[in-house]
Amino acid sequence: MCNCSDDILAYHDEQVTLPQAKRTNMRDRRDANRDRLKTGLKNNKQPKPREFVKQGSYAMKTMVQHPDNDYDIDDGVYFNKEELVGDRGAEMSALKVRQMVRDALDDGSFKRAPEVRSNCVRVYYAAGYHVDLPAYRRVTVNDWGHETYRHELASSEWKRSDARDVTDWFDRENQRQSPDTINGRQLRRIVRQIKKYARSRQSWTAQILSGFGITALVVECYRANLNREDVALYDTMAGIRNRLKANLTVKHPVTPGDTITKGDDDARARFLRERLTEAMAALDPLFDPNCSRKKALGCWDKVFSTTFFSDRDVPKDDAAAGLLKAATVAPAAGAFTFPNAPRRDDRPRGFA
């Protein structure tokens, strides 16, 4: 297979993983929501949250760049069950708790008011992304004289669930399966790359499998390769395609009996399988012994619907000449500026 490993890594670092500025902005908005919720609950004389827990792709650090800032930040809010009671002392329903959270958040500062959804309360931002706040209650359980706890999600009804289980599962698999320890580890990078592929065409958005479904499939079908990032990506994409040929059902990784897909012929999983089949066909020329670098980069461009890879196929002498030509003298300070200078390393170190 024609070697484009460095190019795949460069694409990940420059076009896939989130820059530090975006991560910081998301964390600030998340923290502002936490403060807003605590203030609103206090003003409404409602129970105080016992804790907040980041979750989803935000917690797993698998979010990818999106041109329209269509990001979903998940931040769970946890309460003690015994404190979730109504005016007459009755236990609050799952819906009532979601409504309580929505009312506390809605302080009149949002252009679009927060909404109660089936599993969370959603807060919208003009920048394009949103924050989802699922609500949980901690239930005290007396197990043969020993006091333990379980957590339940305020969904259509109270449902046993704890988002931390998913994050812990992914972190364990990322450490167990990845052959390296740098730059997020390889399994996480491959998750991001395949999620980026799944979002590479706007027309696919409503038809393709969710990011969580893709993450579960990558963990199941991952093919590590310490020295070749491109081979690891290709082999994992092929593994997922073949897996979906055999079975379109994707099980929930930590909740027994639950599935991410719907039924035995899930349309979104089938759509992903078809798109991966197309990607495999587009990459076939890479296995030709005479495949040139230019042709190989063009194949990866086709897969990700970009010109990033072909743009890297510039002789070093030409690139240096172009950089010097682009250098200009700043009128005020007289300092040189280089518009095409390499970016500083802003690869993800995690979310706080």
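Heads up: numbering here begins at 1 and tracks the sequence.
Val101 and Val53 fall into different hydrophobic clusters, where Ile, Leu, Val, Met, Phe, Trp and Tyr are joined by side-chain heavy atoms under 4.5 Å apart, directly or via other members. Placement of Val85 and Val139 in two distinct hydrophobic clusters is found when ILVMFWY residues are connected by side-chain heavy-atom separations under 4.5 Å, directly or transitively.
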Could you list the donor-acceptor pairs under 3.5 angstrom formed between side-chain atoms of residues 153-160 and any protein atom two or more places apart in sequence or on another chain?
unit_1, atom_1, unit_2, atom_2, d
Ser155, OG, Asn119, OD1, 2.4
Trp158, NE1, Met92, O, 3.3
Lys159, NZ, Asp258, OD2, 3.4

Distance-only donor-acceptor hits, side chain of residues 102-109, under 3.5 Å, sequence neighbours excluded:
unit_1, atom_1, unit_2, atom_2, d
Asp107, OD1, Ser109, N, 3.0
Asp107, OD1, Ser109, OG, 2.6
Asp107, OD2, Arg36, NE, 3.1

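Donor-acceptor pairing under 3.5 Å is lacking for the side chains of Asp235 and Asn225. Looking only at atom types and distance, the side chain of Tyr58 has a donor-acceptor partner in the side chain of Arg30 under 3.5 Å away. Side-chain contact annotation: Asp162 with Tyr78, donor-acceptor N/O pair under 3.5 Å present. Side-chain contact annotation: Arg185 with Asn174, donor-acceptor N/O pair under 3.5 Å absent. Between the side chains of Glu229 and Gln186, at least one donor-acceptor pair of N or O atoms lies under 3.5 Å. A donor atom on one side chain and an acceptor atom on the other are not found under 3.5 Å apart for Thr306 and Asp301.
Checked by atom type and distance alone, the side chain of Asp266 pairs as donor or acceptor with a backbone atom of Ala269 at under 3.5 Å. Side chain of Ser200 to main chain of Ser305: no donor-acceptor pair is present (N/O by atom type, distance under 3.5 Å, no hydrogens or angles). A distance-only check finds a donor-acceptor pair linking the side chain of Tyr197 to the backbone of Arg275 [under 3.5 Å]. A distance-only check finds a donor-acceptor pair linking the side chain of Thr236 to the backbone of Arg223 [under 3.5 Å]. Not a single donor-acceptor pair under 3.5 Å links the side chain of Asp132 to the backbone N or O of Asp74. Formation of a donor-acceptor pair under 3.5 Å by the Thr39 side chain with backbone atoms of Asp35 is found in this model.
Here the CE-CE distance, from Met280 to Met237, works out to 4.5 Å after rounding to the nearest 0.5 Å. Rounded to the nearest 0.5 angstrom, Gln46 CD and Leu37 CG are separated by 10.5 Å.
Between Met100 and Pro47, the shortest heavy-atom contact is SD-CD, 3.8 Å.
Think of Leu9 as one node in a network of Ile, Leu, Val, Met, Phe, Trp and Tyr side chains linked at under 4.5 Å; it has no links at all.
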Practice task
Would you sort out whether Gln177 and Val219 count as a side chain to side chain contact (heavy atoms under 4.5 Å, CB included), showing the intermediate values?
Solution key: CA-CA 8 Å; Gln177 296 196 52; Val219 170; 3.7 Å; yes
Problem - Phe79 and Lys48: CA distance, side-chain angles, deciding distance, side chain to side chain contact (heavy atoms under 4.5 Å, CB included) verdict - result: CA-CA 7 Å; Phe79 298 91; Lys48 179 182 178 180; over 6 Å; no
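Residues Met60 and Val166 have side chains in contact (heavy-atom distance under 4.5 Å, counting atoms from C-beta outward).
Shown are Arg164, Arg137, Arg34, Lys38; of these, the salt bridge (Lys or Arg N to Asp or Glu O under 4.0 Å) with Glu51 is made only by Arg164.
Under the salt bridge (Lys or Arg N to Asp or Glu O under 4.0 Å) criterion, Arg243 pairs with Glu220, sequence neighbours left out.
Sorted by first and then second residue, the salt bridge (charged side-chain N to carboxylate O under 4.0 Å, His left out) pairs with a member in residues 281-295 read Asp7-Arg293, Arg293-Asp313; sequence neighbours excluded. For residues 193-208, the set of pairs meeting the salt bridge (charged side-chain N to carboxylate O under 4.0 Å, His left out) definition, not counting sequence neighbours, is empty.
No more than 12 heavy atoms of other residues, nucleotides or ligands sit less than 6.0 Å from atom CG of Asp264.
Relative to the six-membered ring of Phe170, Arg172 misses at least one condition, a distance below 6.0 Å or an angle of at most 45° to the axis.
Annotation: Tyr11 is in aromatic contact with Phe309 [ring centroid separation under 6.0 Å]. A centroid separation of 6.0 Å or more is found between the aromatic rings of His130 and Tyr71.
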